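Since we're looking at a predicted model, the values are computed, not measured. Counting from 1, the numbers follow the sequence of the chain as shown.
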Amino acid sequence: MFRSFESAVLDKLVRWASASVDKSLNQPVLPHAVIVLNATEDVDEEEWDVGTATSMLMTAIQGAIKRDPALKEYVRTWRQRGIVIKTTEDLLRQYYASVTVIRIPRRGSYMLMDQQATKLFDLIKGRCSESHLIKKRVRMLANADMLQVYLHASFDHFTRDLELPFDFVKEALRHSPVPRSFEGNILNLAVSMKNHSESEVLRNDAKGIFLRLAPMVASCIMFDTVRQRILGR
């Protein structure tokens with residue numbers, strides 16, 4: 001089963017995820033992958049455990065990046081970005097927030113099938129909750145109306161250009177522009193630094209950008225305090 005997964009599924013799993021990651025900017029969270037090995041039979045009892053099944057699959061395919069020419073190309077691409085990929089699991093981690101494997105038995109094992117189906121339901125529910133919390137934490141959780149806006153905007157974007165990545169933040173700012181206040185101007189300056197910095201490290205480091213801005217922001221606040229004659233130290 002693991003061999004057939006490597007030959008028939010693994011390349012598609014990476015290719016689909018690569019297209020998603022490479023064709024979007026400011027994506028708030030990576031997707032979760034849940035791999036269901038259906039019609040399983042004649043396996044040891046512990047292999048019905050999600051953790052054991054996941055570990056066994058990752059071990060079986062860990063050398064696939066050295067056997068498959070297509071996967072070798074993805075490894076080379078990540079190496080150029082400064083990330084060393086040693087195993088297939090390392091490669092999958094660049095595209096998925098988590099990769100989990102669960103077995104579903106062949107027809108006839110109804111009690112076991114019910115147990116595994118319950119595990120699958122709980123797993124999907126848990127992964128959805130994790131994504132929801134992360135999106136909420138980074139303030140990128142879309143409601144039903146905004147999700148529809150993103151879908152329409154992404155379709156319009158890719159009908160015009162299949163190569164240029166879709167930028168979630170740019171689309172959000174188009175519908176909710178930053179206010180022309182002090183806070184808004186600081187944010188605009190930070191975004192401008194991100195877009196025009198010659199340092200790739202700084203472009204991907206929000207904390208670093210605001211640390212660079214801190215002395216200037218403090219100076220502006222002090223200047224405004226003196227100009228407005230605000231009392232206190």
Practice task
Inspect the surroundings of CD in Glu46 and state if more than 12 heavy atoms from other residues, nucleotides or ligands are less than 6.0 Å away.
Solution key: yes

Handout entry: Verify same cluster id: Met146, Phe168 (apolar side-chain graph, 4.5 Å)
Key = yes

Problem - Distance-minimising heavy-atom pair for Val50 and Thr100 - result: CG1-CG2, 3.2 Å

Exercise for the section: Using modelled atom types only, decide if a donor and an acceptor are shared between the side chain of Ser199 and the backbone of Leu202 within a distance under 3.5 Å. Expected result: yes

Fill in the blank from the handout: Heavy-atom closest pair (Lys119 atom, Trp48 atom, distance to 0.1 Å) is NZ-O, 3.3 Å

Practice task
Taking the side chain as every heavy atom from C-beta outward, state whether Ser109 and Gln116 have any pair of such atoms under 4.5 Å apart.
Solution key: no

Exercise for the section: Answer yes or no: is there a donor N or O on one side and an acceptor on the other, between the side chain of Lys23 and the main chain of Leu164, under 3.5 Å? Expected result: no

Exercise for the section: Return the orientation label for the Phe158 and Phe166 ring planes: parallel under 30°, perpendicular over 60°, tilted otherwise. Expected result: tilted

Handout entry: Spacing of Trp16 atom CH2 and Asp11 atom CG [to the nearest 0.5 Å]
Key = 9.5 Å

Fill in the blank from the handout: Here the gap from Thr40 atom OG1 to Glu47 atom CD, rounded to the nearest 0.5 Å, amounts to 9.0 Å

Problem - Joint hydrophobic cluster, Leu37 plus Ile61, side-chain heavy atoms closer than 4.5 Å - result: yes

Handout entry: Min side-chain heavy-atom separation His157-Glu171 under 4.5 Å
Key = no

Exercise for the section: Using a strict cut-off of less than 4.0 Å between a Lys/Arg side-chain nitrogen and an Asp/Glu carboxylate oxygen, indicate whether Asp167 and Lys194 qualify as a salt bridge. Expected result: no

Practice task
Please answer whether the main-chain N or O of Val14 pairs with a side-chain N or O of Ser18 as donor and acceptor at a distance below 3.5 Å.
Solution key: no

Practice task
Output, in order, the C-alpha distance, side-chain angles, deciding distance and verdict of salt bridge (charged side-chain N to carboxylate O under 4.0 Å, His left out) for Arg15 and Asp68.
Solution key: CA-CA 13 Å; Arg15 183 156 29 96; Asp68 190 323; over 6 Å; no

Handout entry: Value rounded to 0.5 Å, distance of NZ in Lys136 from OG in Ser129
Key = 11.5 Å

Practice task
Answer yes or no: are there more than 12 heavy-atom neighbours, outside Glu200 itself, under 6.0 Å from its atom CD?
Solution key: no

Practice task
Verify the neighbour count for atom NZ of Lys72: are there more than 12 heavy atoms of other residues, nucleotides or ligands below 6.0 Å?
Solution key: yes

Exercise for the section: Indicate, with yes or no, if Tyr96 and Leu120 share a hydrophobic cluster defined by side-chain heavy-atom contacts under 4.5 Å among Ile, Leu, Val, Met, Phe, Trp and Tyr. Expected result: no

Completion exercise
d(Met193 CE, Arg212 CZ) to nearest 0.5 Å is 6.5 Å

Handout entry: Pairing of Glu198 and Arg203 as salt bridge, 4.0 angstrom limit
Key = no

Practice task
Report yes or no: do Leu13 and Leu71 belong to one cluster of Ile/Leu/Val/Met/Phe/Trp/Tyr joined by side chain heavy-atom distances under 4.5 Å?
Solution key: yes

Completion exercise
Value for CG (Leu91) from CD1 (Ile85), rounded to nearest 0.5 Å, stands at 5.5 Å

Handout entry: Distance in Å, Arg127 CZ paired with Asp122 CG, rounded so as to fall on 0.5 Å steps
Key = 11.5 Å

Completion exercise
On a heavy-atom basis, the closest approach of Leu57 and Ile35 is CD2-CD1, 4.0 Å

Problem - Backbone N/O of Phe155 and side chain of Thr159: donor-acceptor pair under 3.5 Å - result: yes

Completion exercise
Shortest non-hydrogen pair, Ser98 vs His32, comes out as OG-ND1, 2.6 Å

Handout entry: Residue of the set Val36, Thr118, Val34 for which side chain to side chain contact (heavy atoms under 4.5 Å, CB included) holds with Leu123
Key = Val34

Practice task
Over all heavy atoms of both residues, which pair between Leu10 and Glu6 is shortest? Give the atoms and the distance, please.
Solution key: CB-O, 3.6 Å

Handout entry: Residues Met216, Ile186; criterion side chain to side chain contact (heavy atoms under 4.5 Å, CB included); working and verdict
Key = CA-CA 10 Å; Met216 188 205 68; Ile186 292 299; 4.3 Å; yes

Fill in the blank from the handout: Smallest heavy-atom separation, Ala190 atom then Leu213 atom, equals CB-CD1, 3.8 Å

Handout entry: Verify same cluster id: Val75, Val99 (apolar side-chain graph, 4.5 Å)
Key = yes

Exercise for the section: Answer yes or no: is there a donor N or O on one side and an acceptor on the other, between the side chain of Ser192 and the main chain of Asn188, under 3.5 Å? Expected result: no

Problem - Side chain proximity check, Gln148 to Leu151, heavy atoms < 4.5 angstrom - result: yes

Problem - Any donor-acceptor pair under 3.5 Å from Asp90 side chain to Thr87 backbone - result: yes

